[in-house]
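This report refers to the structure that appears directly beneath it.
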Amino acid sequence: MRVLVLGAGIIGLSCAEELLRRGHQVSVVDPAPGSGASYAAAGMLSPSSEVWHTERDLLRLGLSSIELWPSYAGRLGVHLHRTGTLLVGFDRGDLQHVERQAALLESFGAAPEMLTGSAARRLEPTLSPRATGAALLSEDHSVDPRSVVEALLSRVGRARDDPEPRECDVTVVATGARLPEPWSSLVRGVRGEILRAHTDDPPTRTIRGWVHGEPLYVVPRADGGVVIGATAEEHDADPVVTLGGVARLLDSARLLVPGLDRATFIEACARDRPGTPDNVPLVGPAPGRDDVILAAGFFRHGVLLAPLAAQLVADHLETGHLDPALDPRRFDVAAARVDADRLVHAPSGREPTYRKDNA
Ligand code: GLY
């Protein structure tokens with residue numbers, strides 16, 4: 001097949017790479033590859049710590065995808081940080097969050113090991129002595145999404161930025177938080193602000209949890225880098241870094257991992273997570289157009305789900321197989337008739353601009 005992939009974030013690129021591996025002709029279009037949510041993402045591969053009540057499908061998908069990550073990372077030549085995740089409560093109220101999450105995971109058959117504050121600190125000495133307790137998620141790892149994007153780009157080839165029409169059999173839309181019409185309402189932006197720093201004394205594993213009610217994660221890289229995130233705000237403006245967001249992240253991070261006080265600040269950035277109405281991704285035919293496949297709406301789970309998304313998209317194109325939970329047609333986009341052959345993307349500088357003439 002001749003496949004046009006719109007969007008060179010981690011989802012678009014992973015789909016493109018899988019399709020190339022399977023012998024299809026693939027073109028990728030994006031004026032600024034890897035500069036959307038993938039650029040901000042911390043890269044937690046943590047199916048267990050980011051699911052919430054009713055999100056059984058997300059946990060199922062996450063558990064399938066994390067299985068793929070060791071060989072995926074090996075194939076791409078990127079480092080997989082395999083030291084697990086500590087889900088920590090700072091005060092007693094925060095510990096209730098941890099206990100609720102542990103109970104939820106137990107109900108999914110994935111009970112974590114519970115640790116007292118001092119046991120957690122023995123395991124992770126960078127943790128504050130004030131932490132009240134933790135759950136050890138020993139199978140939840142992390143990866144650097146920027147390295148993944150770089151590795152994928154080197155395999156896929158340069159993504160084009162010209163909006164010229166081209167011949168293709170099918171278009172895969174992977175444009176993150178901004179989908180073209182008539183599907184734009186299927187995805188909303190949920191702003192996340194995130195910080196990067198460098199420290200000589202990084203945690204050995206991802207530490208995430210709650211600090212006086214604020215959710216937080218600190219994700220270490222192999223080179224002493226740490227990623228501190230993330231705020232979450234429903235909004236309809238361009239994602240910007242706010243002083244309030246930075247202050248909340250720093251306050252929480254320095255309480256939970258006090259040594260971060262001495263870390264060197266590197267970067268703050270903000271991007272929109274692509275959330276769907278039910279926060280479950282969209283993978284399958286776009287409402288109203290069978291020759292357009294959506295690979296979108298990965299919300300907080302894009303990095304974790306990238307290898308699975310690639311397989312699902314390629315399998316769908318080759319066999320028609322579809323995971324009903326992800327079928328974009330579960331949403332009623334009643335007016336989802338694309339009357340024009342030409343699709344013109346949303347007017348954001350960071351998102352792909354394109355048109356398609358072979359409908
Ligand atoms: N997956 C982490 C976040 O969305 O902040």
Side-chain angles (χ1 to χ4, degrees), residues 7 9-15 18 34 36-70 72-73 80-81 85 87 101 104-105 108 110 137 139-146 148-149 152 172-179 186-192 194 206 208 215-217 219 227 229-234 239 271-284 294-313 323-328 330-331:
I10 199 163
I11 295 295
L13 290 172
S14 58
C15 292
E18 180 66 17
S38 312
Y39 186 77
M44 287 175 292
L45 307 177
S46 184
S48 312
S49 63
E50 268 194 314
V51 291
W52 198 229
H53 296 280
T54 77
E55 296 186 332
R56 206 165 274 273
D57 279 325
L58 274 175
L59 184 62
R60 170 177 63 81
L61 294 165
L63 292 172
S64 300
S65 201
I66 202 168
E67 295 272 302
L68 302 175
W69 261 104
Y72 194 55
L80 194 60
H81 209 84
T85 294
L87 189 61
Q101 191 74 17
L104 176 69
L105 295 174
F108 285 139
L137 309 172
E139 299 303 320
D140 287 17
H141 307 306
S142 68
V143 72
D144 177 1
R146 292 181 185 175
V148 177
V149 164
L152 286 168
V172 175
V173 174
T175 54
R178 283 175 182 77
L179 295 191
L186 295 181
V187 172
R188 71 190 196 285
V190 181
R191 175 172 61 192
I194 201 153
T206 295
R208 68 179 303 172
L216 179 80
Y217 47 78
V219 183
V227 184
T231 60
E233 187 188 352
E234 304 274 346
R271 293 291 187 272
D272 279 335
R273 302 176 182 88
T276 63
D278 58 7
N279 291 339
V280 176
L282 308 163
V283 181
L294 300 185
F298 284 82
F299 194 37
R300 305 183 70 102
H301 317 282
V303 179
L304 169 63
L305 296 182
L308 182 68
Q311 289 192 357
L312 291 174
V313 166
D323 184 330
L326 306 184
D327 188 343
R330 69 190 183 275
F331 297 115

> Between R208 and D140, is there a side-chain N and carboxylate O pair less than 4.0 Å apart?
Replying inline: no
Between atom [atom1] of [X] and atom [atom2] of [Y], what is the distance when rounded to the nearest 0.5 Å?
{"X": "T206", "Y": "L137", "atom1": "OG1", "atom2": "CG", "result": "10.0 Å"}
{"X": "H301", "Y": "N279", "atom1": "NE2", "atom2": "CG", "result": "7.0 Å"}
{"X": "L61", "Y": "L312", "atom1": "CG", "atom2": "CG", "result": "7.5 Å"}
{"X": "Q311", "Y": "L68", "atom1": "CD", "atom2": "CG", "result": "5.0 Å"}
{"X": "L58", "Y": "L63", "atom1": "CG", "atom2": "CG", "result": "10.5 Å"}
{"X": "L45", "Y": "Y72", "atom1": "CG", "atom2": "OH", "result": "11.5 Å"}

Would the distance check show the side chain of [X] and the main-chain N or O of [Y] forming a donor-acceptor pair, the cut-off being under 3.5 Å?
{"X": "Q101", "Y": "S48", "value": "yes"}
{"X": "S38", "Y": "G34", "value": "no"}
{"X": "S65", "Y": "L304", "value": "yes"}

>> Tell me whether R188 forms a cation-pi arrangement with F299, defined as NZ or CZ under 6.0 Å from the six-membered ring centre and within 45 degrees of its axis.
In response: yes
>> Less than 4.5 Å apart, side chain to side chain, heavy atoms only: is that true for T276 and L186?
In response: no
